[in-house]
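Data first, discussion second: the structure below is written as structure tokens.
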2 protein chains.
Amino acid sequence: MTDKTKNNSLNITAVDSSSLVDKVEQTLIDLLISEKLNPGDQIPKELELTEMLGVSRTVIREALNRLKTIGLIESTKRKGSTIKSPDLLFLLKKSLIPNILDQATLKDIFELRLVIEIGMSDLIYNRATPEDIAELEQIVATEPDSSKEVLFDVDHEIKFHGKLYQISGNHTLIDFQTILLPAFRYVYDSGMIKSPDHDSKWVSHQDLVKILKDGNANKFRNAMRKHLDRHFKGYFK
Amino acid sequence: MTDKTKNNSLNITAVDSSSLVDKVEQTLIDLLISEKLNPGDQIPKELELTEMLGVSRTVIREALNRLKTIGLIESTKRKGSTIKSPDLLFLLKKSLIPNILDQATLKDIFELRLVIEIGMSDLIYNRATPEDIAELEQIVATEPDSSKEVLFDVDHEIKFHGKLYQISGNHTLIDFQTILLPAFRYVYDSGMIKSPDHDSKWVSHQDLVKILKDGNANKFRNAMRKHLDRHFKGYFK
DNA sequence: TTATTGGATTATGTCATACATAATGCGTTT
DNA sequence: AAACGCATTATGTATGACATAATCCAATAA
């Protein structure tokens, strides 16, 4: 009965509630960084780590398993674990489950798409081959008639813009798009984005291809901005 | 001693070499998706899963541990594991250790930065407050004299552009920048990027701020493109 | 009655041990 | 010299035990 009121006592030093595995994980990551290890290098065996860090093999394994999950190491039977150059996007793919993401993040991601597609213009303009342009022309040729204000064709939208990503030639970007696709589709389907209301300055897919073919980098970039304008309108009024 | 030569037998059906944990992990992820679970919902206890899937608790725990690592669930004592809205960028932060990434990925990431900063122009232009602009002016005022072709000041570069990300107001983007910063710095330091050679059309930070203040969205976007031109030059010659 | 206390309970966290399995190397056999 | 079998090694899986934090609930004291 003396002073069991721990909660009221001051001068608490904020004990870390992290689990053992958390600590070991961080220790290992620090080790990777400080030791300047390169992909292919080996890290100590589980049992060695057990002794080095003074915890059970269970904890070591759970920590290693985490590194494996984020792609920093890979393990084979007899050989042990080796450093690996992580595939950054592989991770996103696993954790990006649209119906679990909150609205704010989804909105951020959709906005990120706009940002990327505009900024990507310069890559596209500089790297598009005649074959790429031909393919784009092919795609718009089979396009549903946009003048009729028909239902927004998500699949076609994705087809055209997907080709643009591919032209960009940046693999991280390409992966990025395929990963974010479920989120895009989810946003489209959920009605967060209003259907198109083409005003006089509207730039169609067809216009874009024409400018890509005969215009210049600046024109193409600004055209892309106008093409995406209806989405921006949701944000800036 | 009879027929131990299993290896030579034909009609092999490509046995999957994935471990038990791999399978359980995928099973659980599929479960999350198909069950349309929302953040906060509980998933079965470890022992229940043990029975449901017919594997040991070890395997269940390792699989759960992976989901925990990619931020899909979190676990507390007594309560069990619950669904969580994953922080997409949190993972990248952990796995992005520049000296482990390969050159190609580093180049992609740096290129991605250019793409984002150009595309971000519209967000910046539409969301910059007078206070933001004042702060930018403050930053360029303390800028080392760029006319002297001095050493490229990475810290200052990051300070200015960091503020731009902040103005964009997109939290995913902001996180993205802080995460990619180590990679940027690494690229700068490693000499993959050549030092600036300002040509006649060079747009300085100071110019950018002026245009942001008195120009329009198109001008600002194109100015940003010119500002980053020296980096692009490395790619398109 | 109300608030506090102190188990009892529950599910995750950690430990220890044993065995399974795949990869590798080495020596024996033919 | 090539093929086979065996021992070795380190990760993968299973099991049982106990530690620990969170929670509930009943007993107790004000």
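Keep in mind that the numbers below use all heavy atoms, side chains included, and drop hydrogens, waters and symmetry copies. Sequence lines set the chain letters: A, B, ... in the order given, protein chains first and strands last, and positions in each chain run from 1.
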Protein-nucleotide distance (Glu25(A), atom CD; dG13(C), atom P), rounded to Å: 13 Å
Tell me: CD of Glu62(A) to P of dG12(D), nearest whole Å? 13 Å
Would you please confirm or rule out a distance under 4.0 Å between OP1 or OP2 of dT11(D) and any side-chain N or O of Arg61(A)? no
I want to check one thing: is the phosphate of dG13(C), taken as OP1 and OP2, less than 4.0 Å away from some side-chain N or O of Ser75(B)? yes
When you measure only distances, ignoring hydrogens and angles, does the side chain of Arg57(A) come within 3.5 Å of the base of dG12(D) through a donor and an acceptor? yes
Length of the line joining Leu47(A):CG and dG12(D):C1', which is rounded to integer Å: 13 Å
For the backbone of Ile167(B) and the side chain of Asp132(B), can you confirm whether one donor and one acceptor N or O come within less than 3.5 Å of each other? no
According to the interplanar angle, ranging from 0 to 90°, do the rings of His205(B) and His161(B) count as parallel (below 30°), tilted (30 to 60°) or perpendicular (above 60°)? perpendicular
I want to check one thing: is the phosphate of dG13(C), taken as OP1 and OP2, less than 4.0 Å away from some side-chain N or O of Lys68(B)? yes
Of dT13(D), dG13(C), dG25(C), the nucleotide closest to the side chain of Glu46(B) is dG13(C)
Rounded to whole Å, the CD-P distance (Glu51(B) to dA11(C)) equals 12 Å
With a 3.5 Å distance limit and no angle check, can you tell me whether Asp108(B) reaches the backbone of Thr172(A) through a side-chain donor-acceptor pair? yes
Taking only Lys NZ, Arg NE, NH1 and NH2, and the carboxylate oxygens of Asp or Glu, determine whether Lys159(A) and Asp155(A) approach each other closer than 4.0 Å. no
Rounded distance (Å) that lies between atom P of dG12(D) and atom CG of Leu64(A): 9 Å
Counting any heavy atom closer than 4.0 Å, what does Thr58(B) reach on the DNA or RNA strands: base, sugar-phosphate only, or nothing? base
In whole Å, what is the span from the CD atom of Gln42(B) to the P atom of dT10(C)? 15 Å
Send over the distance from Asn65(A) CG to dA10(D) C1', rounded to a whole Å. 16 Å
